[in-house]
Structures are given as structure tokens and as C-alpha cells.
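Here is the structure we will look at, set down as C-alpha cells.
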4 protein chains.
Amino acid sequence: MAREDLVEQRRRDITLAAFKVFAQRGYHETGIADIARELGVGHGTFYRYFANKRDIVARVVDMAVERIAEVVASESPELAQTVEEYRAQVERIGRALFDLFIDDPQLARIFFFESAGVDRELSEHMLETNEVFGAVTERYLENGVSKGFLRADLDIPVTARAINGMIFAGALAAFRSGSPASVRDRWSRAVADLIIGGARA
Amino acid sequence: MAREDLVEQRRRDITLAAFKVFAQRGYHETGIADIARELGVGHGTFYRYFANKRDIVARVVDMAVERIAEVVASESPELAQTVEEYRAQVERIGRALFDLFIDDPQLARIFFFESAGVDRELSEHMLETNEVFGAVTERYLENGVSKGFLRADLDIPVTARAINGMIFAGALAAFRSGSPASVRDRWSRAVADLIIGGARA
Amino acid sequence: MAREDLVEQRRRDITLAAFKVFAQRGYHETGIADIARELGVGHGTFYRYFANKRDIVARVVDMAVERIAEVVASESPELAQTVEEYRAQVERIGRALFDLFIDDPQLARIFFFESAGVDRELSEHMLETNEVFGAVTERYLENGVSKGFLRADLDIPVTARAINGMIFAGALAAFRSGSPASVRDRWSRAVADLIIGGARA
Amino acid sequence: MAREDLVEQRRRDITLAAFKVFAQRGYHETGIADIARELGVGHGTFYRYFANKRDIVARVVDMAVERIAEVVASESPELAQTVEEYRAQVERIGRALFDLFIDDPQLARIFFFESAGVDRELSEHMLETNEVFGAVTERYLENGVSKGFLRADLDIPVTARAINGMIFAGALAAFRSGSPASVRDRWSRAVADLIIGGARA
DNA sequence: GATGAATGAGCATTCATTCAT
DNA sequence: CATGAATGAATGCTCATTCAT
């Protein structure tokens with residue numbers, strides 16, 4: 001492996017260790033020494049790969065966001081031709097995210113809690129991340145409207161962010177209980193139902 | 001005013017000062033001295049009314065939650081007799097919350113950011129708060145189902161929390177931009193639309 | 001004693017403790033904790049009175065410079081009417097400085113060694129201090145020239161600094177050995193001889 | 001070149017690099033890595049030629065002292081036969097030292113500032129160096145006395161060190177301003193005047 | 001009751017030094 | 001021989017908390 005790759009590998013190792021420790025103890029309760037100990041290296045080593053503590057929390061959060069984004073990216077916004085196909089997509093994404101957070105509750109801790117309360121800049125960054133997810137959902141809605149299976153008068157930007165709000169609420173629910181698969185399916189079904197047909201009798 | 005009331009008044013003053021400073025600088029960046037200075041008292045005084053720093057952030061967050069809860073409580077879950085009345089309620093709550101966060105962005109900072117990343121206990125507390133809000137929304141849905149204007153097969157607990165997720169997404173949007181009233185109305189309408197009739201064409 | 005005086009008193013106490021410890025161990029070998037321990041206070045106390053470590057070394061050096069300046073200021077540059085009176089002044093100043101450094105070798109350590117090697121700024125400050133001492137000696141020479149007992153063609157600025165160089169060399173000699181009074185008198189006499197009449201046969 | 005010479009050459013290279021960096025940033029602000037970087041080698045290499053950081057500062061200071069000593073050694077203490085020849089020697093040495101410090105201000109930084117404040121041992125070493133310079137100047141005075149052109153009652157050891165004090169004051173002046181040649185000549189003349197004939201009218 | 005001086009636990013960060021490659 | 005990755009001792013500094021006045 002080339003030098004650069006080794007450095008990148010080391011960075012990844014440290015980021016993973018930090019991910020774990022931040023999730024367990026929280027960012028502010030975690031000392032650099034805790035991260036180093038988790039990895040079994042001297043804490044001076046940390047500073048060979050990261051400029052400071054603030055530096056790594058950004059990486060950790062980005063790693064969390066990326067893992068979530070990967071799930072979302074596994075579906076294609078322009079794919080659905082009918083409302084049934086769209087509903088299936090929504091359910092698949094919902095279930096996949098649910099599983100993601102059930103499989104790794106630390107991911108939720110980082111994403112929902114530790115990414116807040118670090119500093120202004122990171123909070124701002126998370127708001128932007130929220131916008132990015134919003135833009136993705138917009139594309140699904142645009143597809144539905146242009147294909148004619150979603151209402152033509154849909155307020156796409158707002159509705160997209162509202163839908164994401166539901167999805168995050170579901171992710172939080174997944175994290176909250178060690179929810180079994182049945183809960184996951186109830187969530188994805190209920191959210192899909194609401195998106196498609198609403199709650200009206 | 002009785003002795004006890006005076007004490008309670010002082011506590012409220014300090015909480016308000018802390019609310020302001022936490023929102024501005026963040027919980028972890030704020031020192032007890034900052035809170036005391038904001039109030040123009042010696043920082044020893046703080047400890048006559050609160051046990052420690054952790055103590056007050058709980059109060060501050062509770063204050064934020066209460067202000068939000070007040071808005072929600074201004075509507076009555078069992079009131080709506082028709083789907084139109086329900087929709088009107090949803091829109092009113094949405095607009096009121098939107099206004100709340102627009103009028104006081106510090107409230108959003110506390111509620112969305114500073115309440116996270118303090119410690120495990122407070123995070124847990126916020127999850128419970130989320131449950132409480134969920135229970136409230138459940139009552140609206142139960143009312144709708146029992147009155148027959150909402151689907152009988154609605155998964156009430158899950159849908160309630162999903163709806164709240166949308167509302168929080170809206171609150172975040174309100175915070176994000178200094179959104180004008182027009183945005184507020186788009187949000188409350190879009191969310192109500194989705195709840196009532198879904199997005200299907 | 002007023003509040004402000006107490007603060008100033010404390011500052012002086014700490015400066016004295018730092019003076020002692022810096023002289024013993026050297027600035028760079030001294031930790032804030034050492035200064036605090038010398039004084040028998042917690043090291044947090046230090047930071048109530050000084051902004052940082054750099055802050056106090058400036059005070060310590062200034063204290064040293066002031067004590068030296070006091071000795072110099074005890075004579076009056078315009079007083080001497082004859083070369084004999086001037087010579088007497090030179091010898092008195094020489095002896096007084098010699099005694100000062102013999103009585104408190106720590107003063108010499110601070111002045112000659114610890115004031116250097118801290119940082120650029122302090123070195124610059126010491127060069128300026130040197131200029132101030134130079135200006136004082138200039139006044140003695142100006143007096144001598146105007147009274148006619150020193151050469152009219154004297155290069156006053158340069159000669160003043162050269163004379164100070166001799167005096168500092170003497171101070172260093174005082175510091176070096178625990179020189180007895182006899183050495184002190186040899187120095188002040190030899191320097192005065194050189195200033196007045198030179199070394200020529 | 002023999003093995004040993006190569007090693008010695010390397011040592012010299014490193015010493016020169018350290019000389020430069022110490023003069024620029026100061027001993028305490030300089031890391032071994034800075035020296036290595038200046039030389040374009042790995043910082044591990046440093047430890048193949050020097051035992052530790054303390055080791056090299058001694059070499060650097062010695063190098064500075066040697067360069068000064070070389071200038072002094074270019075004159076011969078026993079050469080002067082008359083007071084005019086002695087004065088010429090004094091002026092030549094003065095001008096040469098002045099030029100030395102003007103041409104390489106880093107030399108002054110090392111000699112006057114960085115040699116102090118390292119540790120007790122190096123300070124002691126500099127005091128001894130001062131003695132060595134004192135002994136050299138003594139020989140000039142002894143020559144003058146024995147040749148009869150300097151006072152027989154001269155306190156040679158003390159006067160020698162006093163004269164050196166003037167010379168160092170001049171060196172400091174050279175360093176201080178980027179002094180032009182005119183200042184140099186004023187200094188060497190004024191110092192020689194004082195040594196030979198004093199300041200008396 | 002109010003105050004703020006005193007305190008020291010706690011932590012991020014640096015950097016001289018070692019040593020495996 | 002050269003290198004630089006790894007290390008951890010060392011330290012400046014902050015700030016929540018206490019308590020004498």
C-alpha cells in the first residue's frame with residue numbers, strides 16, 4: 001500500500017474509534033486520550049492525523065451523514081412510473097434507514113445528538129445537510145408530478161422537507177427502542193400511506 | 001410577594017438569562033460567570049438558586065419545551081367535528097409554531113441544538129418529550145378516527161409521530177431563514193394537505 | 001486597605017514569588033505551578049492576577065529594571081560642579097550597583113539572563129531599557145561638558161553607552177563572584193579612573 | 001574525504017542550520033524539526049549527529065564565540081609599542097567587531113540573547129567566556145604598562161573587563177540599528193578616546 | 001442573602017526523543 | 001545511514017464549585 005493510503009487508512013481507523021467513543025460518552029465528555037486508548041495508540045499519534053479535537057468531530061459527523069446518504073442514494077428518484085412503484089420506493093428507503101439505525105444505534109447518537117451542541121459551525125453544517133436531503137426528496141416529488149401520479153399543485157420544496165421530517169422521526173423511533181422488524185414495517189407503511197393518500201377517511 | 005415567590009422569581013430571572021446566553025454562545029461555551037454577568041449579579045449568586053450548571057440547562061430546556069407545549073395546548077384535540085375543522089386546526093398549530101420560532105430564534109437554538117449534546121440524561125429527556133408530543137398528536141388522530149373523518153385503519157401512534165416530524169421540520173425551516181409569513185403559510189398548508197389527502201394525484 | 005490596593009498587593013506578592021523562582025530555575029524551566037507553590041496558593045489564583053505566563057515575566061523584569069533605575073536615580077546628573085565631584089558620583093553609583101547585585105544575586109540573574117531568551121518582544125524591550133539608561137548617562141556627560149570639566153569634543157551619546165557598558169560589566173563581576181567589598185571598590189575606582197583620565201601613562 | 005571528516009562536515013551543516021533558525025525564532029521556539037527542515041533532512045537525522053537539543057545550542061553558541069574570538073585574535077596584544085599604535089589597534093578591533101555584527105545580526109542574536117535563558121550551565125559557560133575575553137584584554141593592558149605607554153598603576157584585571165564592557169556595548173549598538181559605517185567609526189573613536197585619555201577636559 | 005476570591009481537577013496540545021524499517 | 005511514525009511526559013490554562021466575609 002502506498003504511503004498516502006496508509007495515512008488515509010490510519011485516519012479512517014481513528015475516525016472509527018472516535019465515532020465509537022463519541023457515541024458512547026458524547027463529544028464533550030470524550031478526551032483525545034479516550035480515542036487513542038480505544039485504538040490502543042498513544043494520544044500523541046492522534047495529532048499526527050488530525051489538527052485538533054474539533055477537526056475529528058467534523059469527520060465523524062461526515063462519516064455518519066455519508067452512511068445515511070448511501071442508503072438514500074441506493075434508490076433512484078426518476079425510477080418510479082406509477083404511484084405503486086413510488087410507494088414501494090418510499091417503503092424501501094424507510095425500511096433501509098430504519099435498519100441502518102437499528103443495526104447501529106451509535107449512528108443515531110452521532111447524527112441526532114452529538115452533531116448538535118458542538119459549535120455554531122457544525123450546527124450550520126447540519127442545517128445544510130438537511131437541505132441536501134431536502135433536495136434529494138424534491139427530485140422524487142418532481143418525478144411523481146411530471147409522471148402525473150402526484151398532484152400537480154404539490155408544493156414540492158416544502159413537502160419534500162416535511163416528508164424528510166417524517167423519515168427522521170422514524171429514524172429516531174428506530175433508535176429509541178431496539179425496535180423489532182415489525183415496528184419498522186409499521187413505520188414505513190404508515191409513512192407511505194400518509195404520503196400517498198393522507199389520513200382522510 | 002411571599003418569600004418563596006421571590007425565590008421563584010429569581011430562579012426565573014436566572015433561567016431567562018441562561019436561556020439567552022446558552023442560545024447565543026452555546027451551553028458548553030457558556031460559563032456560569034456569563035450568565036451572572038448577563039443578569040448583573042455575582043456568579044456566586046447563581047449557586048444560591050441552582051445546584052450546578054447541569055441543573056440550569058434542564059430548566060432552560062424545560063422552559064423552551066413549555067413554550068412550545070403552550071402553543072400546542074391552545075387547540076383542543078377533541079374539538080374538530082369534520083375534516084375541514086381538523087385541517088383548520090392543523091394549519092393554526094403549524095402557523096403558531098412557525099411564528100413562535102420566527103419571533104424567537106433563540107427558542108429554536110435551545111430546542112434543536114443546545115438540548116442535544118449536553119449529556120445522556122438530557123437526550124433521554126428530549127426523547128421522552130418527543131413521546132409526550134406524540135401522545136398529544138395521537139389524541140387528534142383518535143378524535144378524527146372516532147368521528148369518522150380519518151381513516152379507521154390509521155396506525156395512530158406511528159402516524160402521530162410522523163406528523164410531528166413534519167411539524168418539527170417546519171419549525172426548523174422557520175428558524176433557518178428569517179422566513180416571512182408567506183413561507184409560514186406555504187408550510188402549514190402543505191403539511192395539512194399531506195395529512196389530509198396525501199400527495200397522490 | 002481598599003479593594004484595588006489588595007489586588008495590587010497580591011500582584012506584587014506573586015511577582016516577588018515569580019522573581020524568586022525565575023531566578024532559581026529559569027523562566028522556561030518554571031511552571032506556573034512552581035510560582036503558586038512558592039506562594040502557597042493554588043495555581044488557579046495566579047490567573048486571577050495575570051493573564052498568562054508571558055504577562056508575569058514582563059512584570060518581573062520591570063521590577064528588576066526599576067530596582068536598578070532607583071539606584072541610578074539616587075544621584076542627580078546636574079549636581080557635579082567639578083571633575084572631582086563627578087568622579088565621586090561615578091564611584092557612588094558604581095558601588096551602589098555593585099552592592100545591589102551582591103546583596104541580591106537573583107536580581108542579576110533576572111536582569112542579565114532571564115530577560116533574554118524569552119521572546120523577541122522582551123529582548124526588544126531590554127534594548128529600549130538600555131537606551132533609557134544611555135539617556136541618563138548622557139545627562140551626566142552633558143553636565144560635565146557644559147560645566148567645562150569634561151572635554152568639549154566628547155561624543156556624548158556614544159560615550160554614555162560605552163560607560164554604561166563598563167558599569168554593566170562591573171555588575172556582572174559583582175554577580176559572578178560573591179565579590180567582597182574590596183573588589184567593589186577596585187571596580188568603582190578603576191572605572192572612574194578610566195572615565196576621568198583614561199589609561200594613558 | 002575520510003569518514004570522520006564527513007561526519008564533522010555534517011555536524012557543521014546542522015550547526016549552521018541551527019544557528020540560523022535559533023537566531024530567527026529563538027532557542028525555545030525552535031523545534032528539532034525546524035532545524036531539520038531548514039536543512040532538508042529528516043529530523044531523525046539530527047539525532048545521529050547530536051545527542052539532544054541542549055547539545056546543539058552549545059555548539060551554536062561556541063560557533064558564535066569563535067567567530068568573535070577570531071576577530072579579536074587578528075590583532076596581537078604585544079605588538080603595540082606606542083600609545084598611538086595601541087589606539088590604532090583598539091580602533092581596528094572595534095571596527096572589525098562592529099562590522100561583524102552589522103554583517104551578521106544573527107550572530108548578535110545568538111551571542112547576546114539566545115545564549116542566555118537556556119539553562120544554568122550555558123549561562124555559566126558564557127560567564128567563563130567573558131573571563132577569557134577579559135584575559136585577552138589584560139594582555140593588551142599588560143603590554144601597554146610594560147612598554148610604559150599605559151599607567152603603571154592601572155588595575156589591569158578590572159580595567160580589562162571594563163573595556164570589554166564598552167566593546168560589548170558597541171556591539172549591541174551595532175546590532176540595534178542597522179548602523180552605517182559612520183556610527184561604527186564614531187564608536188571606535190569614542191571608545192579609544194576614553195581608553196587612552198578619558199573624558200576629562 | 002450576595003459576593004467574588006480561591007481552588008484544583010481536568011484537558012488539549014506540543015515536541016524531544018526513540019527505534020523499526 | 002536516513003527516516004519519520006509513534007510516543008507520552010509535561011504544562012499552560014479554564015472554569016465549575018466552594019465558602020469566608
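Note on naming: letters A, B, ... go to the chains in the order of the sequence lines (proteins, then strands), and numbering restarts at 1 for each one.
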In whole Å, I'd like the distance from the CD1 atom of B:I56 to the P atom of F:dA16.
12 Å
Taking only side-chain nitrogens and oxygens of B:R10, does any of them come within less than 4.0 Å of OP1 or OP2 of E:dG1?
no
Consider only side-chain N and O atoms of A:Q9 and A:D13, and report whether a donor and an acceptor are under 3.5 Å apart.
yes
Whole angstroms only, please: what is the CD-P distance between D:Q9 and F:dC1?
14 Å
Expressed in angstrom and rounded to an integer, what is the separation of A:D13 atom CG from F:dA5 atom C1'?
14 Å
Nucleotide forming a Watson-Crick or wobble pair with F:dT21, both distances under 3.5 Å
E:dA2
Kindly state which residues belonging to residues 23-53 of chain B come within less than 4.0 angstrom of DNA chain F, counting heavy atoms of the residue only, listed by number.
B:T30, B:G31, B:I32, B:H43, B:Y47, B:N52, B:K53
Using atom types as modelled and distance alone, determine if a side-chain donor or acceptor of C:S115 lies under 3.5 Å from a backbone N or O of C:F111.
yes
Pair assignment for E:dA12, Watson-Crick or G-U wobble, requiring both distances under 3.5 Å
F:dT11
Tell me, do C:T45 and C:F50 make a side-chain contact under 4.5 Å, heavy atoms counted?
no
Is a salt bridge present between B:D34 and B:R37, judged by a nitrogen-to-oxygen distance below 4.0 Å?
yes
Hey, are A:E114 and A:R109 close enough for a salt bridge, meaning a charged N less than 4.0 Å from a carboxylate O?
no
Under 4.0 Å between a side-chain nitrogen and a carboxylate oxygen: does that hold for B:R120 and A:E29?
no
